Amino acid sequence: MTNHWTDIANANLILVMGGNAAEAHPCGFKWVTEAKAHNKARLIVVDPRFTRTASVADYYAPIRTGSDIAFMGGLINFLLSNDKIQHEYVRNYTDVSFIVKAGFSFEDGLFSGYDAAKRSYTDKSGWGYEIGEDGFAKVDPTLQDPRCVYQLMKQHYSRYTLELASQICGMPADSMRKIWEEIATCSQPGKTMTILYALGWTQHSIGSQIIRSAAMVQLLLGNVGMPGGGVNALRGHSNIQGLTDLGLLSNLLPGYLTLPADAEQDYNAYIAKRAPKALRPGQLSYWQNYGKFHVSLMKAWYGANATVENNWGYDYLPKLDIPGYDVLKMFDMMAKDQVNGYFCQGFNPIAALPDKNRVTAALSKLKWLVVMDPLATETSEFWRNAGPFNDVETASIQTEVIRLPTTCFAEEDGSLVNSSRWLQWHWKGAEGPGQARTDVRIMSELFLRLRERYQRDGGAWAESILKLNWPYKVPEEPTPEEIAKEFSGYAVADVTDASGALVKAGQQLAGFAQLKDDGSTASGCWIFSGSWTEQGNQMARRDNADPYGMKQNLGWAWAWPMNRRILYNRASADPQGKPWAPNKRLVWWNGKAWGGTDVPDFKVDAAPESGMNPFIMNPEGVARFFALDKMAEGPFPEHYEPFETPIGINPLHPNNKQATSNPAGRVFDSVWDSLGQAKDFPYAATSYRLTEHFHFWTKHCPINAVTQPEQFVEIGEALAKEKGIAAGDRVRVSCKRGHIEAVAVVTKRIRPLQVNNQTVHQIGIPLHWGFTGVTRHGYLTNTLVPFLGDGNTQTPESKSFLVNVEKI
Ligand SMILES: Nc1nc2c(c(=O)[nH]1)N[C@H]1C(S)=C(S)[C@@H](COP(=O)(O)OP(=O)(O)OC[C@H]3O[C@@H](n4cnc5c(=O)[nH]c(N)nc54)[C@H](O)[C@@H]3O)O[C@H]1N2
Ligand SMILES: Nc1nc2c(c(=O)[nH]1)N[C@H]1C(S)=C(S)[C@@H](COP(=O)(O)OP(=O)(O)OC[C@H]3O[C@@H](n4cnc5c(=O)[nH]c(N)nc54)[C@H](O)[C@@H]3O)O[C@H]1N2
Ligand SMILES: [Mo]
């Protein structure tokens, strides 16, 4: 989230699109209720299904799954052509005036630089700004230059007319126009819209670009950095925000630092590439501090062994030979016999990953599989024949499965990072049962044994393991406190910070402004720096005082970065440093410094006259409509169809097959044959969750099993009638990859849509059932989902695929 949970109460308009917050985030949703009750906020819901969120909305409109960029693209066009933008914000705080290189173009659905054989943009050289002789990006403040971002954006979205957007989305044009008009009112400085989304946007082959298109709308309205505004990902598992923060993706390091590639053996070049100089005069370009964050991370990991001679431990760091080992890639490698063993920790891949049969085949190739989980999961039992629900030949599976029972979150102390970026300390409610051990204990013992083996026998690149720092009191089980202090950071030698304050060796640092690149500081995750200071554990704070009535609650837990609650909050004030509107006061310039109701996300003493702009993490200081070369499929979001499309063409590019679905989407060669066509599988399906269950584990719990005992699918009344299906009938839902069977819920909540002049029916499929636990056993929903994903995040397209449905 750019903003945070309690801040939702500051919104005037709430758009829930690409998520079902009342169902999946019922506690957080109370702030929506709060905004409605106390702020007269309006709630608009756009979803393929009339959801529990829709049932309390002021306005609801249906949309075809996978078509949201057409809605947002049309909205961008609408805002630009009706002059519903926050002009001063857009002109000063975004890239509209920047001149784009002549090499950039967009034709027939493809941007410049596409390599059809590689299915990717191999030449992104045109996707950049013109740079002047002074080393700065060229701008045209009049916005007249035909190659400035403003003109290019206007031209790009001029194709997204109301009629075309309505045809692609299957949303009636009058509903669409009504929603756009209401959103447009938030271009006034005193009015903000918040956007709440989750998997309905992320789990598409164009998911990242859907979210960018929403960010563009918010920038046009001047709603980023504003109270009650922002682009807000309501995150999933209780600590999934913490997972990305800590760099648990194969190409990341903690704090969104990046793992070097094989070609990056030169340490100085690695740092220089990630610490860009300012692209406009007077800008901060905060990533210039990259070296300080990186060296401090290496000091936390390698301790005294990280020295200037080995580039502060950089030489010990593994380097990536390919862009990344995401989970689709790992299972593809497994299927190709390129992986022997797999550690599966708190993860149920045969239930959670797409194409269950493919995942099962991959696991069957392993020599060994270790499952660390409190429960027996479908994955730990993947070899067991469970009748129709897991139709495998047990004797043919040779994988040795080892289960290591763990405790669960309620059985340990520690911190969780929620969607608001708050690190909240929690205390265990009970001891773990039986032989269960904490994850930390199991992983630590594994590390200690591996280290011992390397010490004894040596091995390839043994130093990476042997030189690691392991300073914990009980090496077999570091405490949550020890780990938390290490993340926050400490002085290795006496250090003096920029303000002249001395931090003695061994003391906790106050925050990342004190980090150095000379080996005198250590911090395991720079963005968490300040969460455990000499004043103690900031994450354990529970003061909900709200002195300004702006719901920022700075004394509750601790938010990264530096306890600021709303990112880019300098943008809540005008260029002169005054809040855009008195009811939206966040931070302001008091003549000497920035301050206010939130911790300024800015250089505190940078006067407005300095010309420094709010988006300090970008070298140009402003927010980007034009994504430069950062996205796999182009600088502007473009609508592409799901890989399994019910209409077979992309109405924007009917004559270019390459532009039907994401030209840079993640599809392995072996997957194409597993994709179905609308003539065989005519219905657009989507999958989702229910309040009563949490994925695949609450079905082990009798109370949850009682509230939602049996697998079902939702089918609209019109389709049910056509197919002779009555409520309560058992139906088979099939796709090219397999089938499931379930009870039919025939409902008014899903209506047929008119898409590209044809009728499209949608089917809703909850994901919670399987062949373990105490609910009635069922089929894994992911039998139906294709094994492919987004070109940037590799997130599977589990929200849009094709099925057929028949009464059994
Ligand atoms: N009770 C409960 N709560 C949970 C979870 C749980 O399992 N149970 N899981 C947690 C996790 S890990 C996560 S990631 C979150 C997920 O939170 P959500 O994303 O809110 O949950 P989903 O049910 O997957 O809902 C997605 C919604 O998107 C809609 N949708 C599908 N395709 C599209 C589309 O193309 N466009 C639009 N506009 N909407 C679409 C679906 O109809 C559905 O209503 O929930 C978290 N909260
Ligand atoms: N078709 C379709 N597929 C989807 C989705 C969808 O919407 N549609 N949603 C996707 C999303 S967003 C997600 S997050 C995934 C969820 O997929 P998973 O994360 O695989 O699902 P969970 O059932 O939450 O599995 C978590 C496991 O962790 C265990 N666990 C709990 N506490 C601890 C602990 O402290 N330590 C350890 N080691 N284990 C613990 C639980 O018992 C459980 O078995 O599913 C994805 N798959
Ligand atoms: Mo999730």
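Given the structure is predicted, the values throughout are model-derived calculations rather than measurements. Whatever order the structure lists them in is the order used to number ligands and atoms, beginning at 1.
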Student: With atom 35 (O) of ligand 1 as the reference point, say which of Ala198, Gly236, Ala352, Gly66 has the nearest heavy atom.
Tutor: Gly66
Student: Does the N or O separation between Lys799 and ligand 2 drop below 3.5 Å for any pair?
Tutor: yes
Student: At a 4.0 Å threshold, what atoms of ligand 2 neighbour a non-hydrogen atom of Thr406?
Tutor: 36 (N), 37 (C), 38 (N), 39 (N)
Student: Ignoring hydrogens and geometry beyond distance, is a side-chain donor-acceptor pair present between His739 and Thr783 at under 3.5 Å?
Tutor: no
Student: Give the single entry among Asn348, Leu353, Asp439 that approaches atom 38 (N) of ligand 2 most closely by any heavy atom.
Tutor: Asp439
Student: Contact between ligand 2 and Phe347 is defined here as a heavy atom of the residue under 4.0 Å from a ligand atom; is it met?
Tutor: yes
Student: Any nitrogen or oxygen of Gln203, main chain or side chain, under 3.5 Å from a nitrogen or oxygen of ligand 2?
Tutor: yes
Student: Have Asp413 and Trp425 got a donor and an acceptor in their side chains that come within less than 3.5 Å?
Tutor: no
Student: Phe409 vs Trp697 aromatic rings, parallel, tilted or perpendicular, using cut-offs 30° and 60°?
Tutor: perpendicular
Student: Compute the minimum heavy-atom distance from Arg689 to ligand 2 and say whether it is under 4.0 Å.
Tutor: yes
Student: Under 4.0 Å from a heavy atom of Val785: give me the atoms of ligand 2 that qualify, with their elements.
Tutor: 1 (N)
Student: Charged N to carboxylate O below 4.0 Å: is that the case for Glu378 and Lys699?
Tutor: yes
Student: State, without any angle test, whether Thr645 and Glu641 hold a side-chain donor-acceptor pair at a distance under 3.5 Å.
Tutor: yes
Student: With heavy atoms under 4.0 Å as the rule, classify the contact between Thr51 and ligand 1 as side chain, backbone, both or neither.
Tutor: side chain
Student: For Phe331 and Tyr342, run ring pair (Phe, Tyr, Trp, His ring centres under 6.0 Å): C-alpha distance rounded to whole Å, both residues' side-chain angles, the deciding distance at 0.1 Å, then the answer.
Tutor: CA-CA 10 Å; Phe331 275 80; Tyr342 186 61; 5.4 Å; yes
Student: Of all the non-hydrogen atoms in the protein, which one sits nearest to atom 32 (N) of ligand 2, and at what distance?
Tutor: Cys408 CB, 3.5 Å
Student: Return the closest protein heavy atom for atom 19 (O) of ligand 2 as residue, atom name and distance.
Tutor: His237 CE1, 3.0 Å
Student: Pull out every atom of ligand 2 sitting under 4.0 Å from any heavy atom of Met372, numbered as shown with elements.
Tutor: 37 (C), 38 (N), 39 (N)
Student: For Thr377, counting its heavy atoms only, list the atoms of ligand 2 lying under 4.0 Å from any of them.
Tutor: 44 (O)
Student: For His777, check side chain to side chain contact (heavy atoms under 4.5 Å, CB included) against everything at least two apart and list the hits.
Tutor: Phe389, Phe771
Student: Which of the listed options, Leu404, Asp373, Leu767, holds the heavy atom that is closest to atom 27 (C) of ligand 2?
Tutor: Asp373
Student: Any N or O of Leu375 that comes nearer than 3.5 Å to an N or O of ligand 2?
Tutor: no
Student: Given Gly200, Cys27, Ala61, which has its nearest heavy atom closest to atom 26 (C) of ligand 1?
Tutor: Gly200
Student: Sequence neighbours excluded, which residues qualify as side-chain hydrogen bond (donor to acceptor under 3.5 Å, both in side chains) partners of Glu476?
Tutor: none
Student: Apply salt bridge (charged side-chain N to carboxylate O under 4.0 Å, His left out) to Arg52 and Glu692, showing your working.
Tutor: CA-CA 13 Å; Arg52 282 171 170 168; Glu692 295 81 356; 3.0 Å; yes
Student: Would one find an N or O of Glu412, backbone or side chain, under 3.5 Å from an N or O of ligand 2?
Tutor: no
